[in-house]
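Single-structure report; data block below.
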Amino acid sequence: MQYWLMKSEPSEASIDDALAAPGAVLPWIGVRNYQARNFMRDQMAVGDGVLFYHSSCPQPGIAGLAEVASSAYPDASQFEPQSPYYDSKATQEQPRWMLVDVRALHKTRLLSLAELRAHPDLSQMLLLQRGSRLSITPVSAAEWRIIRALLQ
DNA sequence: GCCAACGTTGGC
DNA sequence: GCCAACGTTGGC
């Protein structure tokens, strides 16, 4: 059992959008970073805990809880020429981009980036490291516990 | 809109 | 393999 933080721009897919989806499940399309892809492909398992983070928005922060709901499979958007996520170098035989399904569990209060930064025991979170832009980062069990408590 | 930081591309 | 140029991320 591992824990993750996954960023989504709420203008693209918010926690409300995820909860409104069939089964509250979203295929996590559009990841085009190898490190983030590798986390999904190689390390995620069904049932892993996910912090649903809103990025590139007026109030960045953790907005909900979710879980990994599938193992990795090819991201279909890489094959769609009209998609912003199209990748001309990807083929059905050799897909380049993988994703997992994410099931939203419930909204939380907005645990802001500023509050995360202010917490001394969270200073090692990958999210908070200087220059960190990864859209998917592992969260330690200790960080997960602290954040769950902050969300109570 | 600005800009720091990072990742990718492609010429050499 | 190097590295400059470029594109993207994402907070502010």
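Bear in mind that the values here come from a model prediction, so they are computed numbers and not experimental data. Below, chains carry the letters A, B, ... as their sequence lines are ordered, and counting in each starts from 1.
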ask   = Which heavy-atom pair separates A:Tyr53 from A:Leu5 by the least distance, and what is that distance?
value = CB-CD2, 3.8 Å
query = Do NZ/NE/NH1/NH2 and the carboxylate oxygens of A:Asp75 and A:Arg32 come within less than 4.0 Å?
reply = yes
ask   = C:dG10 P sits how many Å from A:Leu134 CG, rounded?
value = 9 Å
query = Using 30° and 60° as the class limits, which term best fits the ring planes of A:Phe52 and A:Trp28: parallel, tilted or perpendicular?
reply = perpendicular
remark   = Regarding the side chain of A:Leu113, the nearest nucleotide among C:dG10, B:dT9, C:dC12 is C:dC12
ask   = What nucleotide among C:dG10, C:dG11, B:dT8 has an atom nearest to a side-chain atom of A:Tyr34?
value = B:dT8
task = Select one nucleotide: of C:dG11, B:dT9, C:dT8, the one nearest the side-chain heavy atoms of A:Arg133.
result = C:dT8
request  = Give the rounded distance in Å between these two atoms: CD1 of A:Ile136 and P of B:dG7.
outcome  = 15 Å
ask   = Could you state the CG-P distance from A:Asp87 to C:dT8, rounded to the nearest angstrom?
value = 13 Å
query = How many Å lie between CG on A:Leu116 and P on C:dG10, as a whole number?
reply = 15 Å
query = For A:Lys7 and C:dG10, is the shortest distance between a side-chain N/O and OP1 or OP2 below 4.0 Å?
reply = yes
ask   = To the nearest angstrom, how far is A:His54 atom NE2 from C:dT9 atom P?
value = 17 Å
message = Heavy-atom count check: over 12 atoms from other residues, nucleotides or ligands less than 6.0 Å from A:Gln59 CD?
response = no
query = For the pair made of CG in A:Asn38 and C1' in B:dG7, what is the distance, rounded to whole Å?
reply = 14 Å
task = Nearest whole angstrom, please: distance from the P of B:dG10 to the NZ of A:Lys89.
result = 6 Å
message = For a quick test of reading the model: is some side-chain N or O of A:Tyr53 closer than 4.0 Å to OP1 or OP2 of C:dT9?
response = no
request  = Take the protein atom CG of A:Leu128 and the nucleotide atom P of C:dT9, then report the distance between them rounded to whole Å.
outcome  = 20 Å
Side-chain donor/acceptor contact of A:Arg32 with base of C:dT8 under 3.5 Å = no
Transitive ILVMFWY cluster of A:Tyr34, excluding itself - 4.5 Å side-chain cut-off = A:Trp97
